[in-house]
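A, B, ... follow the sequence lines: proteins, then strands. Residue 1 opens every chain.
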There are 2 protein chains.
Amino acid sequence: MRVLSKATVYGLRALVYMASERERTGYVSIGEISERLNISFHFLTKTFQTLTQHGILESYRGPNGGVALTKPADQLFLTDIVHVLEGVDFFDKCLLGLPGCGTFAPCPVHDFWKAAKEAMKNEFDNTSLAELGEKVTDDRFRLVA
Amino acid sequence: MRVLSKATVYGLRALVYMASERERTGYVSIGEISERLNISFHFLTKTFQTLTQHGILESYRGPNGGVALTKPADQLFLTDIVHVLEGVDFFDKCLLGLPGCGTFAPCPVHDFWKAAKEAMKNEFDNTSLAELGEKVTDDRFRLVA
DNA sequence: TAGTTTTGGGACAAAATTGTCTTAAATATA
DNA sequence: TATATTTAAGACAATTTTGTCCCAAAACTA
């Protein structure tokens, strides 16, 4: 049951890593993140560029440059990231791929799937990067194989 | 939120179509299904071949040949199909893609995701092709754009 | 100013998924 | 037996996703 593309998975892991570095101030370099999390530097860079373009991150070039969250981590939610990286229709797709599947013209699994999506969206709406970062900092949860 | 590959989506739609043809006896040709559901004939054929190889369908060649469910539609569940087309580890994957993510070494979203997967699996375990086929027969639900 | 570090952006390659086509094998019918 | 119908199987192409590489632009440091 694969729900997120690799680009999104890497982006999320990287953002949670940033959020987990609580006390730290200033920019974090993409090189550091990619090393720590074992993610391809260039691939992550591209994902981060779209996050920057969409206001999730701000970046700064040069020595001591890098990226930083534009808001405190407790104000950035999974839904925000997923909307940018997977599209705003992420929680709005038919399980059987039918375009325009809805209450008026539903597929046979519409009712169940609608509920499942809502539960998922609810969780994503209420889970912040800060919350996930803390779990990593407290060391009971991991971000890397 | 895309969960199933196109191969699985097409396969499922086709199977539900077969189940929806209640009174019918004998084989249904792949050509008929692909026409009715607007699915590429050759692509569907390949998916059906793997379903045949895994005992979900039986096939018969020649005039009046086609495919048929190996069991009554009320004894075939979504989980059966998904296990064949997506793999038996379908309900067992980490949202963040970490290999071996589990209670002992969880990712930060493990608890939520585990529950979500269980809910999903529970629904798939208990939804039969017959149930979905009926919904289509009764005409309140659709399988095609 | 020159050199180093870092992101930005594009070209490009590899791999996986999706889709098309051709031929063979099995079966029925005339 | 010859022909038509249907699935089986594999080659192949197109598309999307994933991954790599190179060079430019921005910023710091000496």
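- Using a 4.5 Å heavy-atom threshold, the side chains of A:Phe90 and A:Leu85 count as separate.
- In this structure, CG of B:Leu4 is placed 14 Å from P of C:dT17, rounded to the nearest angstrom.
- Under the 3.5 Å distance criterion, with hydrogens and angles disregarded, no donor-acceptor pair is assigned to the side chains of A:Thr70 and A:Glu58.
- Between the CD1 atom of A:Ile33 and the P atom of C:dT5 there is a distance of 19 Å, given to the nearest Å.
- Taking 4.0 Å as the cut-off between side-chain N and carboxylate O, A:Glu32 and A:Arg24 count as a salt-bridged pair.
- Here A:Gln53 lies in heavy-atom contact (under 4.0 Å) with sugar-phosphate atoms only.
- Atom pair A:Ile30:CD1 and C:dG9:P shows a separation of 12 Å (rounding to whole Å applied).
- Side-chain atoms of B:Ser128 and B:Asp74 include no donor-acceptor pair closer than 3.5 Å.
- What separates CD1 of B:Ile39 from C1' of C:dT20 is a distance of 16 Å, to the nearest Å.
- Close to C:dT18, at under 4.0 Å from its OP1 or OP2, lies no side-chain N or O of B:Tyr10.
- Applying the 3.5 Å distance criterion, the base of C:dG8 shares no donor-acceptor pair with the side chain of A:Lys46.
- With rounding to whole Å, A:Glu58 atom CD is found 15 Å from D:dA27 atom C1'.
- Regarding A:Phe41, its CZ atom lies at a distance of 12 Å from the C1' atom of C:dG9, rounded to whole Å.
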A correct 5'-to-3' footprint of nucleotides 21-30 of chain C, with B, S and - meaning base, sugar-phosphate only and no protein heavy atom under 4.0 Å, is BB--BBBS--

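- With rounding to the nearest 0.5 angstrom, the CG atom of B:Leu98 is 14.0 Å from the NZ atom of B:Lys93.
- Applying the 4.0 Å criterion to OP1 and OP2 of C:dT17, one finds that B:Ser5 has every side-chain N and O outside that range.
- Each of A:Arg2 and B:Gly66 was matched to the nucleotide of DNA chain D holding its nearest heavy atom; the match closer to the 5' end belongs to B:Gly66.
- Dashed line: the shortest gap from a side-chain N or O of B:Ser29 to OP1 or OP2 of D:dT6 is not under 4.0 Å.
- Phosphate contact (OP1/OP2 of D:dA8, side-chain N/O of B:Ser59, threshold under 4.0 Å): present.
- In this structure, B:Glu86 places its CD atom 14 Å from C1' of C:dT18, rounding to the nearest Å.
- Not one side-chain nitrogen or oxygen of B:Tyr27 sits closer than 4.0 Å to the OP1 or OP2 atom of D:dT7.
- Atom CG of A:Leu51 is separated from atom C1' of C:dT7 by 14 Å (rounded to the nearest Å).
- A salt bridge links B:Asp138 with B:Arg22; the closest basic N to acidic carboxylate O contact falls under 4.0 Å.
- Aromatic ring pairs are classed by plane angle as parallel below 30°, tilted from 30° to 60° and perpendicular above 60°; the pair B:Tyr27 and B:Tyr60 is parallel.
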